[in-house]
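Small disclaimer: the values here were computed from a predicted structure and weren't measured.
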Amino acid sequence: MLLSTALGTGLCSASANTLNQLQEMPLDAQMARTRNRPLVRRAITPLHATAFAAATGIAGPAILAACVNPTTALLGAANIALYAGLYTWMKRRSIASTWAGAVVGGIPPVMGWTACGGALLPDAAHHVHLFLPNAPIDLAAIDNPLAPFALFMFLYSWQFPHFNSLSYIVRGSYAAAGYPMLSVISPSKNTLVSLRHALLLAPITSILFPISGLTTWWLALTSLPPNLICIIAAWRFWRSGSEKHARVVFQHSLWYLPVMMALMMAHKQGVDWWTWLGFDTEDTAESNQ
């Protein structure tokens with residue numbers, strides 16, 4: 001299941017990325033960051049790239065449908081269309097493309113949720129359940145429709161400090177290629193959006209995750225240091241608008257995601273890691289008596 005989900009999702013990503021680069025060849029050639037891409041360098045022909053995009057675009061959803069489930073396959077196919085279609089089209093026309101791209105980035109963790117059989121929407125069998133602090137834990141309610149929303153919002157908001165800082169660093173290249181990025185049109189609003197979502201990540205990780213049942217409430221405490229580090233960096237970026245502080249925000253975004261995911265695993269609701277690792281506290285206590 002894990003291998004099929006990873007392979008199918010990877011193929012969907014490969015297809016979407018290839019279709020995007022096919023459409024942006026002339027613009028990629030004008031940007032230092034992208035002019036070494038295979039299509040721009042003519043390392044492969046557009047015909048070969050189109051064949052690769054078609055093959056992976058068919059194989060990815062097919063593997064997900066056959067080996068995982070139809071819902072995950074539908075999400076994978078929809079993400080190809082969103083990235084290669086709507087996002088790529090908007091990228092040359094509107095600053096709103098960044099928000100569309102963030103939706104694309106927020107879907108893969110939802111695919112992971114549905115791959116495990118999790119419910120996306122409330123129904124008779126899956127009610128929205130709030131895991132409040134110090135309340136009795138109902139593990140039967142772990143399959144909570146609030147959880148995929150929390151996962152989506154986490155990746156959605158993370159992308160703004162990550163991309164807005166990067167786009168600020170290379171804003172000259174975007175301007176030369178004619179992309180209407182927020183970092184080009186309004187650098188001050190670009191830094192503000194970055195700060196806004198850095199702030200939003202704090203309640204997402206410290207409140208939305210535990211209340212949805214994804215983690216215990218210990219995450220509210222352990223997620224505080226990484227969130228504060230990133231918020232302070234984003235605030236300095238907003239105040240100064242300097243490339244130096246943009247680089248700091250971007251660098252923090254690179255470690256923030258794996259660190260937060262590791263904390264989520266450490267505080268996963270319903271998992272006793274001591275017992276899982278072979279340290280049975282009850283047996284140890286009995287043997288000491």
Side-chain angles (χ1 to χ4, degrees), residues 79 87 95-113 118 120 128 130-133 144-169 181-183 186-242 244-269:
N79 229 18
Y87 167 71
I95 61 172
S97 64
T98 303
W99 281 261
V103 171
V104 172
I107 289 177
V110 178
M111 293 171 65
W113 175 264
L120 277 181
V128 173
L130 302 182
F131 289 77
L132 300 174
N144 185 1
L146 188 59
F149 172 72
L151 292 170
F152 172 85
M153 286 303 303
F154 177 55
L155 266 292
Y156 176 84
S157 284
W158 169 83
Q159 288 171 89
F160 289 95
H162 175 73
F163 178 75
N164 285 30
S165 57
L166 174 63
S167 67
Y168 186 85
I169 296 168
M181 292 295 169
L182 191 60
S183 59
S186 179
S188 61
K189 288 183 180 179
N190 180 71
T191 60
L192 180 60
V193 171
S194 178
L195 174 61
R196 183 183 301 154
H197 283 275
L199 288 167
L200 186 57
L201 282 167
I204 289 173
T205 54
S206 63
I207 299 175
L208 190 55
F209 277 172
I211 209 169
S212 68
L214 284 170
T215 69
T216 68
W217 281 92
W218 280 106
L219 185 65
L221 179 63
T222 58
S223 65
L224 188 60
N227 278 323
L228 281 176
I229 291 171
C230 291
I231 288 171
I232 291 171
W235 179 79
R236 288 173 175 167
F237 179 37
W238 170 66
R239 285 294 301 271
S240 69
S242 70
K244 173 186 173 182
H245 288 109
R247 291 185 183 278
V248 173
V249 173
F250 179 71
Q251 290 164 0
H252 284 334
S253 73
L254 298 178
W255 61 256
Y256 176 86
L257 203 59
V259 166
M260 199 59 67
M261 288 180 174
L263 289 174
M264 289 171 64
M265 282 297 298
H267 300 300
K268 182 175 172 60
Q269 186 68 267

| What distance separates T98 OG1 from F163 CZ, expressed to the nearest 0.5 Å? | 5.0 Å
| said: Testing the basics here: between V128 and N144, what is the closest heavy-atom pair and its distance to 0.1 Å? | reply: CA-OD1, 3.4 Å
| message | Any non-hydrogen side-chain atom of T215 less than 4.5 Å from a side-chain atom of F131? | response | no
| field | Donor-acceptor contact present, side-chain N164 to main-chain T191, <3.5 Å | value | no
| remark: Scanning both residues in full, the closest heavy-atom pair of S157 with L201 reads CB-CD2, 3.9 Å
| message | Please report the interatomic distance CD1(I211) to CH2(W217), rounded to the nearest 0.5 Å. | response | 4.5 Å
| task | Output yes when a side-chain donor or acceptor of Q159 lies under 3.5 Å from a complementary backbone atom of A102, and no otherwise. | result | yes
| request: Of all the heavy-atom pairs spanning K268 and T216, show the shortest one and how long it is. | output: O-CG2, 4.3 Å
| field | Contact summary for F209 and A150, nearest pair of heavy atoms | value | CE2-O, 3.5 Å
| Quick one: are F154 and P109 in side-chain contact, heavy atoms under 4.5 Å? | no
| message | What I'd like to find out is whether the side chain of L221 reaches to under 4.5 Å of the side chain of H267, using heavy atoms alone. | response | no
| Can S253 and W158 be said to form a side chain to side chain contact (heavy atoms under 4.5 Å, CB included), step by step? | CA-CA 8 Å; S253 73; W158 169 83; 3.9 Å; yes
| field | Any F237 side-chain heavy atom under 4.5 Å of V248 side chain | value | no
| query | Going through the distances and angles, do L200 and M153 end up as a side chain to side chain contact (heavy atoms under 4.5 Å, CB included)? | reply | CA-CA 9 Å; L200 186 57; M153 286 303 303; 4.2 Å; yes
| said: With a 4.5 Å cut-off on side-chain heavy atoms, are L263 and P226 touching? | reply: yes
| query | Between S183 and S167, is there a donor-acceptor pair closer than 3.5 Å when you use the side chain of the first and the backbone of the second? | reply | yes
| query | Within a strict 4.5 Å, meaning less than it, do heavy atoms of the L214 and W113 side chains meet? | reply | yes
| note | When every non-hydrogen atom of G105 is compared with those of L155, the smallest separation belongs to O-CB, 3.6 Å
| query | Can you tell me how far the NE2 atom of H197 sits from the CG atom of L192, to the nearest 0.5 Å? | reply | 9.5 Å
| What distance do S223 atom OG and W218 atom CH2 have between them, rounded to the nearest 0.5 Å? | 12.5 Å
| task | Decide if the gap between the ring center of W99 and the ring center of Y156 is smaller than 6.0 angstrom. | result | no
| field | Any H245 side-chain heavy atom under 4.5 Å of Y168 side chain | value | no
| query | Should H162 and L254 count as side-chain neighbours, where that means a heavy-atom distance under 4.5 Å? | reply | yes
| note | All heavy atoms of V249 vs all of P161, minimum pair found to be CG1-O, 3.5 Å
| query | Does W255 CH2 have over 12 foreign heavy atoms under 6.0 Å away? | reply | yes
| Steps toward side chain to side chain contact (heavy atoms under 4.5 Å, CB included) verdict (L182, V193) | CA-CA 9 Å; L182 191 60; V193 171; 3.9 Å; yes
| said: So, taking the atom named NE2 in H252 and the one named CD1 in I229, what distance separates them when rounded to the nearest 0.5 Å? | reply: 6.5 Å
| query | What's the spacing between S212 OG and Q269 CD if we round to 0.5 Å? | reply | 9.5 Å
| Side chains of N227 and S206: do they bring a donor and an acceptor to under 3.5 Å? | no
| said: Apply side chain to side chain contact (heavy atoms under 4.5 Å, CB included) to residues L199 and L195 and explain how you reach the verdict. | reply: CA-CA 6 Å; L199 288 167; L195 174 61; 4.1 Å; yes
